[in-house]
Amino acid sequence: MEGKDEDVRLGANKYDERQPIGTAAQTHETKDYREPPPAPLFEPSELLSWSFYRAGIAEFIATFLFLYITISTVMGVKRAPSLCASVGIQGIAWAFGGMIFALVYCTAGISGGHINPAVTFGLLLARKLSLTRALFYMVMQCLGAICGAGVVKGFQPHLYETLGGGANEVAHGYTKGDGLGAEIIGTFVLVYTVFSATDAKRNARDSHVPILAPLPIGFAVFLVHLATIPVTGTGINPARSLGAAVIFNRSAAWHDMWIFWVGPFIGAGLAALYHQVVIRAIPFHN
């Protein structure tokens with residue numbers, strides 16, 4: 001019994017009674033993870049590495065598959081006599097979110113699973129990859145998107161032309177400012193989720209986080225589509241918007257194209273700034 005009393009006494013006094021909380025606790029915590037060093041702006045040696053080109057090919061194939069499945073789903077909904085006779089807006093949102101979930105899972109270990117120039121841009125601002133790699137990824141993503149939309153048109157050329165080709169444009173009843181705002185906020189949600197799901201600090205403390213990372217990213221895409229399909233058809237991915245516009249190639253698709261590049265890039269930049277400066281306070285670390 002005396003032994004048990006001694007154990008209780010030692011356990012009760014193992015820690016100081018006044019433990020730091022809040023911001024004070026953050027200054028006392030032991031760092032149990034290693035922050036990745038910032039990527040160099042230019043890294044010419046990458047151009048001599050097969051892994052560099054393999055990653056670009058992975059981005060091309062992933063964006064190709066993404067456009068093929070999602071634009072095919074949009075065409076299926078538009079050709080139906082009513083939304084109730086098809087998967088509807090919810091089905092379109094699931095197609096986009098589900099494909100991102102699957103493709104990020106497949107390519108994360110090869111290229112990082114960006115599949116979106118806006119995501120690549122946000123990670124570039126956070127110094128997660130070099131400018132050389134970022135530009136290469138963006139080119140391959142856009143080429144993959146064009147090819148994916150092209151295959152959809154090849155399978156159903158008449159329907160593709162008559163049903164809009166899945167191209168993004170600001171819907172009637174909304175201003176260009178509305179469309180721009182929807183794209184900024186939607187991309188912010190996506191890129192902020194990407195940063196949070198791949199955070200080095202969380203990965204070190206929760207071993208399940210890296211495995212589950214594609215799930216919240218795909219779910220974020222799903223939710224953003226539910227909110228913004230009625231406004232812009234949901235871009236939040238400049239490659240997706242460009243691919244559909246190039247193959248559809250009508251004035252309506254090109255008229256609002258700047259919104260689907262400027263909006264996502266602003267949203268991605270704001271998300272990178274918020275996560276790196278406010279959430280992680282990386283510029284203020286010693």
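Keep in mind the model is a prediction, meaning the values are calculated, not measured.
Considering CG of Leu223 and CZ of Phe96, their distance stands at 14.5 Å, rounded to 0.5 Å. In this structure, OG1 on Thr70 lies 6.0 Å from CZ on Arg240, to the nearest 0.5 angstrom. The distance from atom CE of Met138 to atom OG1 of Thr120, rounded to the nearest 0.5 Å, is 5.5 Å. Between the CG atom in Asn249 and the CD atom in Glu161 there is a gap of 8.5 Å [rounded to 0.5 Å]. Here CG of Asn237 is found 7.5 Å from CG of Leu67. Values are rounded to the nearest 0.5 Å. Distance check: Leu135 CG to Leu124 CG gives 7.5 Å after rounding to the nearest 0.5 Å.
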| Would Leu273 and Leu125 satisfy side chain to side chain contact (heavy atoms under 4.5 Å, CB included), going step by step from the backbone distance to the final call? | CA-CA 8 Å; Leu273 182 68; Leu125 294 182; over 6 Å; no
| task | Please step through side chain to side chain contact (heavy atoms under 4.5 Å, CB included) for the pair Lys153 and Ile71, ending with a clear verdict. | result | CA-CA 9 Å; Lys153 182 178 180 179; Ile71 299 300; over 6 Å; no
| Can Thr193 and Phe188 be said to form a side chain to side chain contact (heavy atoms under 4.5 Å, CB included), step by step? | CA-CA 8 Å; Thr193 304; Phe188 181 93; over 6 Å; no
| query | Could you go step by step and tell me if Tyr105 and Leu212 meet the side chain to side chain contact (heavy atoms under 4.5 Å, CB included) rule? | reply | CA-CA 9 Å; Tyr105 179 83; Leu212 296 179; over 6 Å; no
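Residues Met75 and Leu159 fail the side-chain proximity criterion, which asks for heavy atoms closer than 4.5 Å. Leu123 has its side chain within reach of Phe195: a pair of non-hydrogen atoms, C-beta onward, lies under 4.5 Å apart. Residues Trp254 and Leu242 meet the side-chain proximity criterion, which asks for heavy atoms closer than 4.5 Å. Between Leu190 and Asn116, some side-chain heavy-atom pair lies under the 4.5 Å cut-off. The shortest distance between side-chain heavy atoms of Pro238 and Phe260 does not fall below 4.5 Å. Counting heavy atoms from C-beta outward, Ile236 and His225 have side chains that approach closer than 4.5 Å.
In this structure, Phe219 has its ring center under 6.0 Å from that of Phe222. Residues Phe136 and Tyr53 bring their aromatic ring centres within 6.0 Å.
The cluster map of Ile, Leu, Val, Met, Phe, Trp and Tyr, joined by side-chain heavy atoms under 4.5 Å apart, puts Val191 and Trp261 in the same cluster. In the hydrophobic clustering of ILVMFWY residues, with side-chain heavy atoms under 4.5 Å counting as a link, Ile115 and Ile110 come out apart. Leu270 and Ile185 fall into different hydrophobic clusters, where Ile, Leu, Val, Met, Phe, Trp and Tyr are joined by side-chain heavy atoms under 4.5 Å apart, directly or via other members. Each of Leu131 and Leu48 belongs to its own hydrophobic cluster when Ile, Leu, Val, Met, Phe, Trp and Tyr are linked at side-chain heavy-atom distances under 4.5 angstrom.
Counting heavy atoms of neighbouring residues, nucleotides and ligands inside a 6.0 Å radius, atom CZ of Arg54 exceeds 12 of them.
Checked by atom type and distance alone, the side chain of Asn168 never pairs as donor or acceptor with a backbone atom of Met257 at under 3.5 Å. At distances below 3.5 Å, not a single donor-acceptor pair connects side-chain atoms of Glu43 with backbone N or O atoms of Thr132. In this structure, the side chain of Thr187 does not engage the main chain of Ile184 through any donor-acceptor pair within 3.5 Å. A donor-acceptor contact shorter than 3.5 Å is absent between the side chain of Asp256 and the backbone of Ile259.
Shown here for Ala171 and Pro230, the closest heavy-atom pair between the two residues is CB-O, 3.3 Å. The nearest pair of heavy atoms linking Ser86 to Gly76 is CB-O, 4.3 Å. The two residues Phe52 and Glu46 have their closest heavy-atom pair at CB-O, 3.1 Å. Taking each heavy atom of Val231 and Gly179 in turn, the nearest pair found is CG1-CA, 4.3 Å. In this structure, Thr234 and Thr228 approach most closely via the heavy-atom pair OG1-OG1, 2.6 Å.
A donor-acceptor pair shorter than 3.5 Å can be found between the side chains of Thr175 and Asp178.
Note: Phe64 and Tyr68 have parallel aromatic rings, judged against thresholds of 30 and 60 degrees for the angle between ring planes.
Applying ring-ring contact (aromatic ring centres under 6.0 Å, His included) to His114 and the options Phe121, Phe66, Tyr137, Phe60 leaves one that passes, Tyr137.
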